[in-house]
Colleague: 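Could you have a look at this structure, given as structure tokens, before my questions?
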Protein chains: 2
Amino acid sequence: MAKNDMHREWALKTRGQEESGALVESVVEILDCAALCFTEMGFQGTSIDDVARRLGATKGRIYHYFRSKTDLFFEVHREGMRRLMDAVNEAMSAGGTGREKLVRMLEAHALTMMQNIAYEAVVVQGVHMHRLGATTPEQRISLDELMDIRHKFELLFVEAFRQGQADGSIRQGADVSLAVKGMLGAVNWMAIWYRPRSGESPEQQRAMARRITELQIGGIAG
Amino acid sequence: MAKNDMHREWALKTRGQEESGALVESVVEILDCAALCFTEMGFQGTSIDDVARRLGATKGRIYHYFRSKTDLFFEVHREGMRRLMDAVNEAMSAGGTGREKLVRMLEAHALTMMQNIAYEAVVVQGVHMHRLGATTPEQRISLDELMDIRHKFELLFVEAFRQGQADGSIRQGADVSLAVKGMLGAVNWMAIWYRPRSGESPEQQRAMARRITELQIGGIAG
DNA sequence: GTCTATATTTGGATAGAC
DNA sequence: GTCTATCCAAATATAGAC
């Protein structure tokens, strides 16, 4: 298999369309370490050697699976985005009023941020870099793809919001796009400040996700 | 004057403690170009040559005023932070209930983001990098200084929030820190998506700042 | 599939002319 | 104070052994 398609292959596999095997394990291990490095030191502050060191290997292993550092970063970004998308899609598909959907979606978003903070911090970093100067044409395609997914992600929230305005569960008159950008910003900002405390339980995480969501839905006025 | 103190000198001058002169003009011009480059291409995607090209000069000019690319980035960050701080401090100092203060502060924050989007996009980028791997001891000091300012910035909002809870203008029971982080996140996220349309008037900007603030204070429930 | 060793490039940084 | 020319380190990426 050509090196440049290897991670695409992997992407298919993890989507359950094929049996997973040794390839998947290797790639996931690399991605996990890369996500941690990028989160802690940023894209520019992370060298391939850093990632390799964290793996307990040398960079030969990484270059066997990924064409470039940028590709590696994109792949972490892609995976983080996929986890967000899956969680929110599921929250959306269960029924209820627009507001009920939106609440579930925001909670799912926040919870996914907390449970995958390394990947999601890279996603947020990546959004920053979406004008990333020196990209090859091929990287530009990856980037556009990711921005497209992000756009679809936002549209899910817009849709639920509109539904809520139609069914009366969300107030009229608000600028939908602005409102959604605000809510998503509040949750995305977790990538900056949230780090799990040791021993934090899933129940505590869910509670925090609920509190954040509640503030966005209900506001803070007394 | 030693090169490494030149921008400190400048910082003092722009704070009105001395007459401004040619030095200030030069430095501001560089900072403006750097802010644009960093915003458009990211820290890692921007080379000193890029900034120089945008200036219509060569990098000799930049290195005359700034020790390093990182220093240049820090200085843009510092200036962006200063503008935010000034705007919010002023909004805070006028009287009123805690909620009224908070409203003014959020509006001022949002408006400052819009009016200085290049600088403020760098500020947000910088927050990401606050664990920035390879820093010299000296850069670490700058970085810690900036994080300290950012912390004080957040505390202003916390203070207004608490006051509002005490005077009944803000609801009890909310987790103050979480609420503030949410609100600030919603506004900071503007660094990602906001770009002024051509011909956008200050009045339109103020209107947008008001709408964003209103959503954070009042929520979206119908 | 992973390693070691090495080639290559980019771009940060400096020296010294003007 | 700004330019040109140059140095040099860092780190990306590759070649080839194992």
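Because only heavy atoms are used, hydrogens play no part in the values below, and waters and symmetry mates are left out as well, while side chains stay in. In this text the structure is predicted, and so the values were computed from the model without any measurement.
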Colleague: Whole angstrom is fine here: how far is it from CD1 in Ile48(B) over to C1' in dC3(D)?
Modeller: 16 Å

Colleague: Quick one: Leu72(A) CG to dA11(D) C1', roughly how many Å, whole number?
Modeller: 15 Å

Colleague: How close do Ala108(A) and Ala87(A) get, counting heavy atoms only, and between which atoms?
Modeller: CB-O, 3.9 Å

Colleague: Could you tell me how far apart Asp50(A) (CG) and dA13(D) (P) are, to the nearest whole angstrom?
Modeller: 14 Å

Colleague: Can you check the Asp49(A) CG to dT6(C) P distance for me, whole Å?
Modeller: 16 Å

Colleague: Using whole Å, report how far CZ of Phe66(A) lies from P of dT14(D).
Modeller: 15 Å

Colleague: Is the phosphate of dT2(C) approached by Thr58(A) (side-chain N or O, under 4.0 Å from OP1 or OP2)?
Modeller: no

Colleague: Return the 5'-most residue of the pair Lys59(A), Ser26(B) with respect to DNA chain D, ranking by each residue's nearest nucleotide.
Modeller: Ser26(B)

Colleague: Starting from the 5' end of DNA chain D, give me the residue, Lys69(A) or Gly60(B), whose nearest nucleotide shows up first.
Modeller: Gly60(B)

Colleague: Taking everything shown except Glu90(B) itself, do over 12 heavy atoms lie less than 6.0 Å from its CD?
Modeller: no

Colleague: Between dG16(C) atom P and His64(B) atom NE2, what is the distance in whole Å?
Modeller: 17 Å

Colleague: Think Ser47(B) has a side-chain N or O under 4.0 angstrom from the OP1 or OP2 of dG11(C)?
Modeller: no

Colleague: Kindly assign one of parallel, tilted or perpendicular to the pair Phe38(B) and Phe73(B), based on the angle between their ring planes and the thresholds 30° and 60°.
Modeller: perpendicular

Colleague: Is Tyr65(A) near enough to dT2(C) that one of its side-chain N or O atoms lies under 4.0 angstrom from OP1 or OP2?
Modeller: yes

Colleague: Any chance you could measure Leu102(A), atom CG, to Thr213(A), atom OG1, to the nearest 0.5 Å?
Modeller: 9.0 Å

Colleague: Between dT2(C) atom P and Ile30(A) atom CD1, what is the distance in whole Å?
Modeller: 7 Å

Colleague: In whole Å, I'd like the distance from the OH atom of Tyr63(B) to the P atom of dT4(D).
Modeller: 16 Å

